[in-house]
Amino acid sequence: MSTTRRSKPPTPRIWTGWHDQPTLTVLKNMLGKVLVHAQRGRRVSGVIIEAEAYIGEDDPACHAAAGPTRRNAPLYGPPGFAYVYLNYGLHYLVNAVTERDGFPGAVLIRALAPLEGIDLMRRRRGPVPDARICNGPGNLTQALGINLRHNLSDLATSAVRLEDHGFPVGPIDYSPRIGIRVGTDRLWRATSTTPFTMRGHEER
DNA sequence: AACACGATCTACT
DNA sequence: GTAGATCGTGTTG
């Protein structure tokens, strides 16, 4: 065995501490965590700076509002898995499933500050400014190469996973969720007010 | 089997 | 500010 030692950074921790937490707690803790797609030995990742909660059949904006279907089945499963679906026939959106088995809930990841593999992100996203590479739920999945194949991935063990790199999170803003016409009374959109490397995020 | 629609984004005006 | 892209899903026939 070679004894050559390079100064390897400490292995980034998989983030699993959220599995048993209420969705709104997961929402709060999601900011500052790192969404990773490790593929073909390459890591593409970003720090989560914007996310939204969708909780229960009583939440009219939640995909589970009309009860369980084949599509939203992941929401009803155990926490810790990805719920990926195609929106508007164009964009893949990635959620982290929350709440106990049988109760639907998830956190939608809406924006990242690019961390690793930015060159690959640029290639996937085409000629857009760096600041907009990962802002928007459909844009970040394109940048990370996340699609329907990753639906129901275990976010602790799969190529698509959540890690805690210890990024400090400052104050968090809570505002109405975006792109929905119902359930806008709930302030379940969380945004980080402190920039990490780049913001790429604008209020509307 | 056919159809309407959506937790969006971009490119126009 | 708003039209258009584009397709899986749920609903209807």
Side-chain angles (χ1 to χ4, degrees), chain A residues 18 22-28 30-31 33 35 37 46 48-77 79 81-99 103-114 121-153 155 160 162 172-192 198-204:
Chain A
W18 56 283
T23 301
L24 291 180
T25 303
V26 179
L27 174 67
K28 178 184 64 181
M30 186 75 72
L31 298 185
K33 298 306 184 293
L35 178 65
H37 187 189
I48 298 171
I49 58 177
E50 177 182 351
E52 291 176 352
Y54 292 85
I55 311 172
E57 296 178 349
D58 292 336
D59 174 5
C62 183
H63 275 185
T69 65
R70 184 193 193 90
R71 178 204 198 193
N72 66 26
L75 290 175
Y76 288 85
F81 293 84
Y83 170 43
V84 182
Y85 70 95
L86 180 70
N87 191 41
Y88 290 95
L90 292 174
H91 310 286
Y92 296 109
L93 274 55
V94 60
N95 302 251
V97 174
T98 57
E99 304 293 340
F103 188 94
V107 172
L108 169 68
I109 299 173
R110 290 190 55 91
L112 307 174
M121 292 186 189
R122 291 198 189 101
R123 229 171 299 146
R124 285 169 168 159
R125 291 276 289 123
V128 302
D130 276 2
R132 292 186 184 165
I133 269 188
C134 286
N135 76 326
N139 289 335
L140 71 89
T141 55
Q142 184 183 11
L144 267 62
I146 295 174
N147 56 54
L148 279 183
R149 291 178 38 84
H150 303 102
N151 192 27
L152 286 172
S153 286
L155 291 171
V160 174
L162 287 166
I172 296 174
D173 278 348
Y174 290 95
S175 55
R177 294 169 294 178
I178 295 225
I180 55 176
R181 317 202 75 153
V182 289
T184 51
D185 52 317
R186 297 161 167 86
L187 302 182
W188 287 353
R189 170 177 178 243
T191 54
S192 170
M198 56 177 72
R199 260 332 269 285
H201 167 69
E202 294 160 336
E203 298 294 333
R204 290 192 202 171

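Each chain gets a letter, A, B and so on, in the order the sequences are listed, and its residues count up from 1. Scope of the values below: all heavy atoms of this structure, side chains included, with no hydrogens, waters or symmetry mates.
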Donor-acceptor under 3.5 Å (A:E52 side chain, A:I178 main chain): yes
Exceeds 12 heavy-atom contacts within 6.0 angstrom, atom CZ of A:R181: no
Whether over 12 other heavy atoms sit under 6.0 Å from A:D185 CG: yes
Atom-pair distance (OH on A:Y85; P on B:dA7), nearest Å: 6 Å
5′-ward residue of the pair A:H91/A:L148 relative to DNA chain C: A:H91
Donor-acceptor pair, side chain of A:N72 and main chain of A:G67, under 3.5 angstrom: yes
A:E50 (side chain) donor-acceptor with A:R189 (main chain) under 3.5 angstrom: no
Selection: residues 59-72 of chain A, any non-hydrogen atom under 4.0 Å of DNA chain B: A:A61, A:H63
Polar pairs (N or O, both sides) under 3.5 Å between protein and nucleotides 10-13 of chain B?
from	atom 1	to	atom 2	distance (Å)
B:dT10	OP1	A:R125	NH2	3.2
B:dT10	OP1	A:N139	OD1	3.4

Closest non-hydrogen atom pair between A:A82 and A:P74, with its separation: O-CB, 4.5 Å
Candidate nucleotides C:dC7, C:dA5, B:dA7, ranked by approach to the side chain of A:L86 - the nearest: C:dC7
For A:A53 against A:R177, the heavy-atom pair lying closest together: O-NH1, 3.0 Å
Main-chain N/O of A:Y92 paired with A:T141 side-chain donor or acceptor, under 3.5 Å: yes
Proximity of A:Y85 and A:H63 rings by center, below 6.0 Å: yes
d(CG, A:L93; P, C:dG8) in whole Å: 15 Å
Separation of C:dT6 C1' from A:Y92 OH (nearest whole Å): 11 Å
Test item: A:T98 side-chain N/O and A:A106 main-chain N/O as donor-acceptor pair under 3.5 Å: yes
Nearest-Å distance for atom pair OH/P, residues A:Y88 and B:dA4: 17 Å
Atom pair distance, as rounded to whole Å: CG in A:L27 and C1' in B:dA7: 14 Å
Whole angstrom value for the distance that separates C1' of B:dT8 from CG of A:N87: 6 Å
A:I133, A:N135, A:L144, A:I49 screened by side-chain contact (heavy atoms from CB on, under 4.5 Å) with A:L112, the one that passes: A:L144
Spacing between A:I180 atom CD1 and B:dT8 atom P, to the nearest angstrom: 8 Å
B:dC5 to C:dA3 separation - P atoms, rounded to the nearest Å: 16 Å
Stacking of A:Y54 on B:dA7 base (centres under 5.5 Å, planes under 30°): yes
Nucleotide pairing, DNA chain C (Watson-Crick or G-U, distances under 3.5 Å), in dot-bracket with [ ] and |: |||||.||||||.
Rounded interatomic separation in angstrom, taking CG from A:L90 and P from B:dC5: 17 Å
Side chain A:R132, main chain A:N139, donor-acceptor under 3.5 Å: no
